Amino acid sequence: MPEPVIELAGVCRDFPSDPPVRALADVDLRVEQGDYMAIVGPSGSGKSTLLNILGLLDRPTSGTYRLDGVETTALRDGGRTRLRGTRIGFVFQSFHLLAHRTVVENVMLAEVYGPHPRAGRRTRAEQALEQVGMSHRIRFLPDRLSGGERQRVAIARALMAQPALLLCDEPTGNLDSRNTEAILDLFDGLRAEGLTILVITHEDGVSARAKRRVRIADGVLREAP
Ligand SMILES: Nc1ncnc2c1ncn2[C@@H]1O[C@H](COP(=O)(O)OP(=O)(O)OP(=O)(O)O)[C@@H](O)[C@H]1O
Ligand SMILES: [Mg+2]
């Protein structure tokens, strides 16, 4: 059996606020390569906390997290940053595009802090934009694009590092139903190419399109039908 992309065992995340919050409680999760999983649950249930840990933006208070077989909780910050930069792409509800940069420049910026050589950067950005069907808009500024097009550009930026794992926090939260469908079609295509996709969503239409669903309530995660 191949190594899972994600393996969480007994993960807890406590925030030392007053009163303290247990945002994740003893979470076990195994995600195989090519899985397409939706994470659902009420506001404040721990979804973003889980995604931050999976994305190596935050550390569990206790428990272990293996990413591609690497036990990440023991890694120093440099190792975590490298792993994040090469294995993980992020997509958020608000697209975080720079208003005064063109589409292709926004995608190229994904590499600025990475280990990638400057040579070929524009070509790689154009290829990522082709993957999301945005080749015809590469010299546009973001404010000339529809919401769905902006999100496709943000996904292209996330694909620049050729990640194994795409982590999405309400990626269709700002989109109408037609643009939502376009993004979900794109996810289907990326998954067919072998990408592992995790999507936080509160929209039934989005979670219905995933192959697998988990539900979080008060930090406790369960497999959902
Ligand atoms: N830095 C922090 N300090 C203290 N408590 C926090 C912190 N971050 C999150 N929490 C708490 O942890 C719990 C889970 O938060 P989280 O952001 O993961 O919820 P969520 O499921 O993503 O909610 P939403 O659907 O509203 O985005 C909440 O009760 C929140 O108040
Ligand atoms: Mg959240």
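Every number for a ligand or one of its atoms is a count from 1 in the order of the listing. Please read these numbers as outputs of a predicted model, since none were measured by experiment.
Arg66 contributes a side-chain N or O that, together with a main-chain N or O of Gly69, makes up a donor-acceptor pair within less than 3.5 Å. Judged by distance alone, the side chain of Lys211 and the main-chain N or O of Ala38 form no donor-acceptor pair under 3.5 Å. At distances below 3.5 Å, not a single donor-acceptor pair connects side-chain atoms of Asn52 with backbone N or O atoms of Leu57. Not a single donor-acceptor pair under 3.5 Å links the side chain of Asn106 to the backbone N or O of Val103. Side chain of Arg150 to backbone of Pro142: a donor-acceptor contact under 3.5 angstrom is found.
Grouping the Ile, Leu, Val, Met, Phe, Trp and Tyr side chains by contacts below 4.5 angstrom, directly or via other members, places Leu24 with Val214.
Among the candidates Asp188, Thr201, Asp204, the single residue satisfying the side chain to side chain donor-acceptor pair (under 3.5 Å) test with Arg209 is Asp188.
Of the N and O atoms on the side chains of Ser48 and Asp169, at least one donor lies less than 3.5 Å from an acceptor on the other residue.
Shown here are the protein N/O/S atoms lying under 2.8 Å from the Mg ion (ligand 2), water excluded: Ser48 OG.
The 4.0 Å heavy-atom shell around ligand 1 contains residues Phe15, Ser17, Val21, Ala23, Pro42, Ser43, Gly44, Ser45, Gly46, Lys47, Ser48, Thr49, ordered by chain and number.
Relative ring orientation between His96 and Phe92 is described as perpendicular, the plane-to-plane angle rising above 60° on a 0-90° scale split at 30° and 60°.
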